[in-house]
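The sequence lines fix the lettering, A, B, ..., with proteins before strands; numbering per chain opens at 1. Small disclaimer: the values here were computed from a predicted structure and weren't measured. FYI, side chains are in, hydrogens and waters are out, and symmetry mates aren't considered; it's all heavy atoms of this structure.
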There are 2 protein chains.
Amino acid sequence: MHSDGTTEEHTEAGSERAFNVFDRACPSRPTLEHVTGKWGSLTLSALSSGTLRFNEVRRRVDGISEKILSQTLRALERDGLVHRSAQPGNPPWVDYTLTELGEAIAARLLDLIDLVQRQMPEVLTARNRYDTTQDAQSHRP
Amino acid sequence: MHSDGTTEEHTEAGSERAFNVFDRACPSRPTLEHVTGKWGSLTLSALSSGTLRFNEVRRRVDGISEKILSQTLRALERDGLVHRSAQPGNPPWVDYTLTELGEAIAARLLDLIDLVQRQMPEVLTARNRYDTTQDAQSHRP
DNA sequence: CTGTATCCTGCCGGATACTG
DNA sequence: CAGTATCCGGCAGGATACAG
């Protein structure tokens with residue numbers, strides 16, 4: 001048991017091995033979190049319909065605050081999923097568009113979201129079943 | 001200005017309309033968050049390879065704590081995505097398996113994760129470009 | 001309109017210890 | 001092995017005000 005394979009450290013030196021998100025040190029983890037995060041997923045999905053301005057996104061993603069939307073868009077732009085183009089002037093006008101990579105990811109996201117939405121009745125049923133079952137077992141004091 | 005169309009409230013009365021996750025009050029939001037969340041997505045993906053025991057999941061999803069794994073599994077079980085079967089005895093033996101719905105969702109998730117991992121080089125390049133650009137513009141005081 | 005800055009709170013989630 | 005219980009620090013993120 002001198003080697004359990006959990007600590008491979010040759011992460012530099014031209015290693016083109018596949019990124020493994022299951023490794024806690026993998027750089028793909030942050031990106032996956034931006035993509036799948038509470039707001040990132042909805043923001044990307046909203047933009048999949050085409051170019052939108054800041055407040056248009058804000059209106060589509062119900063409940064997001066200015067601050068969080070700003071953060072989210074910046075993270076996505078930094079990861080190369082969203083393109084931001086600002087033409088200076090008055091009033092300010094800033095467009096957000098998905099990059100090609102962003103579109104590919106958003107497509108998967110939409111697929112996932114669509115599935116979840118369609119199966120919500122089943123989910124709600126499962127929840128009720130779970131709750132009643134658990135309530136029956138744990139008689140609360 | 002008496003009506004801007006943002007508040008439609010006919011959400012009861014036999015409405016079988018699609019759940020809309022963009023609405024902040026939609027019950028699909030929590031479920032989507034369980035699915036796409038930091039740990040939920042990895043847990044579902046880990047289970048897509050087949051039945052696993054608690055600590056087997058734990059080992060696969062590098063970095064997750066017992067507490068969080070427990071929470072995550074319970075949330076997914078409640079939503080009907082994971083099935084938990086415990087045969088009593090000593091030592092305890094508990095199996096976690098994806099339900100059919102869980103498998104469908106995990107498949108989408110794996111697809112998404114695979115894409116993200118494959119495009120990580122592009123993401124890292126974009127990040128470098130973004131960082132250098134921003135650093136050049138914001139001379140910090 | 002498009003954001004940044006600031007304050008503040010809740011809860012996420014890590015560490016640890018313990019039970020069956 | 002499979003969890004639950006408890007403590008607690010950090011930060012996500014909401015509200016608000018303000019700047020360009």
Side-chain angles (χ1 to χ4, degrees), chain A residues 24-25 29-30 32-43 46-47 51-78 82-97 130 134 137-141, chain B residues 4 24-25 29-30 32-43 46-47 51-78 82-97 130 134-135 137-141:
Chain A
R24 72 173 295 287
R29 277 241 178 132
L32 185 66
E33 281 162 29
H34 298 155
V35 166
T36 63
K38 179 181 182 180
W39 297 118
S41 56
L42 295 178
T43 301
L47 282 170
T51 298
L52 294 177
R53 299 176 62 182
F54 186 84
N55 276 332
E56 289 177 329
V57 183
R58 188 154 146 62
R59 250 170 270 126
R60 289 202 177 212
V61 183
D62 188 23
I64 196 171
S65 69
E66 293 175 359
K67 177 186 166 188
I68 301 302
L69 178 57
S70 180
Q71 279 181 13
T72 303
L73 285 170
R74 235 181 298 124
L76 295 176
E77 186 195 357
R78 192 167 102 96
V82 163
H83 176 69
R84 175 183 186 275
S85 73
Q87 33 273 44
N90 202 334
W93 190 289
V94 181
D95 279 337
Y96 291 94
T97 315
Y130 182 91
Q134 298 305 310
Q137 287 173 12
S138 68
H139 25 162
R140 44 180 61 264
Chain B
D4 56 9
R24 72 173 295 288
R29 276 242 178 131
L32 185 66
E33 282 162 28
H34 298 156
V35 166
T36 63
K38 179 179 181 181
W39 298 119
S41 55
L42 295 178
T43 302
L47 283 169
T51 297
L52 293 177
R53 299 176 62 183
F54 186 84
N55 277 331
E56 288 177 328
V57 183
R58 189 153 145 62
R59 250 170 271 124
R60 289 203 178 212
V61 183
D62 188 24
I64 196 172
S65 69
E66 294 175 358
K67 178 186 166 186
I68 300 303
L69 178 56
S70 180
Q71 279 181 14
T72 304
L73 286 170
R74 237 181 296 124
L76 295 176
E77 186 194 357
R78 193 166 102 95
V82 164
H83 177 69
R84 176 183 186 277
S85 74
Q87 34 273 46
N90 201 333
W93 191 287
V94 181
D95 279 337
Y96 291 93
T97 316
Y130 182 90
Q134 298 305 310
D135 284 353
Q137 287 173 12
S138 69
H139 27 164
R140 44 181 56 264

Counting heavy atoms from C-beta on, name the nucleotide in [options] closest to the side chain of [X].
X	options	answer
B:Lys67	C:dG3, D:dT6, D:dC1	D:dT6
B:Pro92	C:dT4, C:dG20, C:dC1	C:dG20
A:Val94	D:dC1, D:dG13, C:dG3	C:dG3
A:Ile68	D:dG14, C:dG14, C:dG3	D:dG14

Nearest-angstrom distance from the residue atom [atom1] of [X] to [atom2] of [N]:
X	N	atom1	atom2	result
B:Arg74	D:dA2	CZ	P	15 Å
B:Gln87	D:dC1	CD	P	16 Å
A:Ile64	D:dA15	CD1	P	12 Å
A:Lys38	D:dC11	NZ	P	18 Å
B:Leu73	D:dA2	CG	C1'	11 Å
A:Tyr96	C:dC1	OH	C1'	11 Å
A:Trp39	D:dG13	CH2	P	8 Å
A:Glu66	D:dG13	CD	C1'	13 Å

Q | Under 4.0 angstrom between B:Arg84 side-chain N/O and D:dG3 OP1 or OP2 | A | yes
Q. Does C:dT4 have OP1 or OP2 sitting under 4.0 Å from an N or O in the side chain of A:Ser70?
A. yes
Roughly how far, to the nearest 0.5 Å, is the [atom2] atom of [Y] from the [atom1] atom of [X]?
X	Y	atom1	atom2	result
A:Leu42	B:Thr36	CG	OG1	8.0 Å
B:Glu77	B:Tyr96	CD	OH	7.0 Å
B:Leu76	B:Leu47	CG	CG	8.0 Å
B:Arg84	B:Arg78	CZ	CZ	16.0 Å
B:Thr51	B:Asp95	OG1	CG	5.5 Å

(Q) Does any part of the side chain of B:Arg74, heavy atoms only, come nearer than 4.5 Å to the side chain of B:Ser70, both counted from C-beta? (A)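 Side-chain contact under 4.5 Å: yes.
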(Q) Could you report the tightest heavy-atom contact between B:Ser41 and B:Lys38, atom names first, then the distance? (A)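 Heavy-atom minimum between the residues: OG-O, 3.5 Å.
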(Q) Let's see if you get this right: which residues in residues 51-61 of chain B place a heavy atom under 4.0 Å from DNA chain C? (A)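 Contacts with DNA chain C under 4.0 Å: none.
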